Colleague: 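The structure under discussion is supplied below as structure tokens; questions concerning it will follow.
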Amino acid sequence: MSATATTASMGRLSRGAAGSRAPLAGALVASLATFVQLLIVIGMVDAEVLHRLWLPVTSGAITLAGTAAVIYFRQPGSNDEAARLTEVPASRPFALRPALILAAVLTCALLVGRWGADLLGPKGAVLAALAAGLADAHAGALGAASLSGAGDITTDTALTAIAAALGSNLIVKCVLAFTEGGRHFGLGFVGAMALPTATFGTVMAVTIGIG
């Protein structure tokens with residue numbers, strides 16, 4: 001299950017739970033997995049992008065992990081909420097349909113990213129990553145890293161595109177947090193993601209700035 005889908009699931013779960021903090025922590029951990037997976041997929045495509053990307057991602061991930069831990073462990077009765085989480089039927093470890101959808105999104109991201117780079121240059125690649133991130137953050141990031149590895153865009157442009165993909169994906173998660181979990185869960189998710197997002201953005205800006 002993707003982090004976006006997990007955010008929606010945790011939002012729905014929070015409506016029926018005694019409290020919203022355990023589901024909220026679950027949604028944050030799912031976003032943490034997005035950071036970890038991002039380093040893995042980028043490392044398979046372009047080592048230079050990975051070399052420049054690891055510090056911003058690690059900084060954001062550490063901040064996010066700390067935020068999730070604080071939210072979960074400061075809540076009285078969190079064990080009861082955790083029990084509710086374990087009652088939710090586990091999804092299958094591998095489902096063909098989501099895998100095919102992800103493959104299609106990744107393919108489209110690569111094609112659209114190359115087309116955007118050819119048509120509009122670096123701005124086109126960033127816009128393509130931004131659009132792909134609405135469906136899957138890794139799709140936009142992978143497309144940008146692939147273009148960088150092929151020499152079609154610079155590493156700095158790839159980093160900007162990856163940040164754009166993560167940003168648009170975060171917007172989708174925030175919208176789902178409100179629509180699926182309600183105002184309380186939505187505000188909690190947005191507030192919890194504020195510091196990790198600011199940390200990632202600041203370190204990324206410095207990384208791009210120093211070249």
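These numbers come from a predicted model, not from an experiment. What you see below is based on every heavy atom in this structure, not just the backbone, and it leaves out hydrogens, waters and symmetry mates.
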Colleague: Is there a side-chain contact between L166 and L38 in this structure, where contact means two heavy atoms from C-beta onward sitting under 4.5 Å apart?
Modeller: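 A side-chain contact under 4.5 Å exists here.
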
Colleague: Can you tell me which residue pairs pass the ring pair (Phe, Tyr, Trp, His ring centres under 6.0 Å) test with a partner in residues 24-50, sequence neighbours excluded?
Modeller: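 As it turns out, the ring pair (Phe, Tyr, Trp, His ring centres under 6.0 Å) pairs with a partner in residues 24-50, which skip direct neighbours, are F35-F200.
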
Colleague: What pairs meet the ring pair (Phe, Tyr, Trp, His ring centres under 6.0 Å) rule with one or both residues in residues 143-173, with sequence neighbours excluded?
Modeller: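 Output for this query is empty, none listed.
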
Colleague: According to the salt bridge (Lys or Arg N to Asp or Glu O under 4.0 Å) rule, which pairs have a member within residues 153-168, sequence neighbours left out?
Modeller: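 Those involving residues 153-168 are R52-D156.
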
Colleague: Which residue pairs pass the salt bridge (Lys or Arg N to Asp or Glu O under 4.0 Å) test when at least one of the two sits in residues 163-172, sequence neighbours left out?
Modeller: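 Not a single pair qualifies under salt bridge (Lys or Arg N to Asp or Glu O under 4.0 Å).
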
Colleague: For residues 174-195, pull every pair meeting salt bridge (Lys or Arg N to Asp or Glu O under 4.0 Å), keeping only residues two or more places apart or in separate chains.
Modeller: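 The answer is R12-E180.
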
Colleague: According to the side chain to side chain donor-acceptor pair (under 3.5 Å) rule, which pairs have a member within residues 40-50, sequence neighbours left out?
Modeller: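 Every side chain to side chain donor-acceptor pair (under 3.5 Å) pair that includes a residue of residues 40-50, provided the two are not neighbours, is D46-S148.
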
Colleague: What pairs meet the ring pair (Phe, Tyr, Trp, His ring centres under 6.0 Å) rule with one or both residues in residues 145-177, with sequence neighbours excluded?
Modeller: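 Output for this query is empty, none listed.
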
Colleague: Quick one: side-chain hydrogen bond (donor to acceptor under 3.5 Å, both in side chains) partners of H184, sequence neighbours excluded?
Modeller: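 Once residues adjacent in sequence are excluded, the partners of H184 under the side-chain hydrogen bond (donor to acceptor under 3.5 Å, both in side chains) criterion are S20.
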
Colleague: Going by the rule ring pair (Phe, Tyr, Trp, His ring centres under 6.0 Å), which residues pair with F189 if we only count those two or more places apart in sequence or in a different chain?
Modeller: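 Result, ring pair (Phe, Tyr, Trp, His ring centres under 6.0 Å) vs F189: none returned.
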
Colleague: Is there a continuous path of hydrophobic side-chain contacts, each under 4.5 Å between heavy atoms, that joins I42 to L55?
Modeller: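 Per the 4.5 Å side-chain linkage, I42 and L55 are co-clustered.
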
Colleague: I'd like to check the side-chain hydrogen bond (donor to acceptor under 3.5 Å, both in side chains) partners of S31; sequence neighbours left out, ordered by chain and number.
Modeller: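 S31 satisfies side-chain hydrogen bond (donor to acceptor under 3.5 Å, both in side chains) with K173 only.
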
Colleague: Does the pair V57 and M204 meet the rule for a side chain to side chain contact (heavy atoms under 4.5 Å, CB included), with working shown?
Modeller: CA-CA 8 Å; V57 168; M204 176 68 89; 5.9 Å; no

Colleague: Supply the members, apart from L187, of the Ile/Leu/Val/Met/Phe/Trp/Tyr cluster built from side-chain contacts under 4.5 Å; use none for a lone residue.
Modeller: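 L187 clusters with F178, V190.
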
Colleague: With T154, which residues qualify under side-chain hydrogen bond (donor to acceptor under 3.5 Å, both in side chains), at least two apart?
Modeller: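 Listed in chain order: T157.
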
Colleague: With side chains defined as the heavy atoms from C-beta onward, is the minimum distance between L64 and M193 less than 4.5 Å?
Modeller: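 L64 reaches M193 side chain to side chain.
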
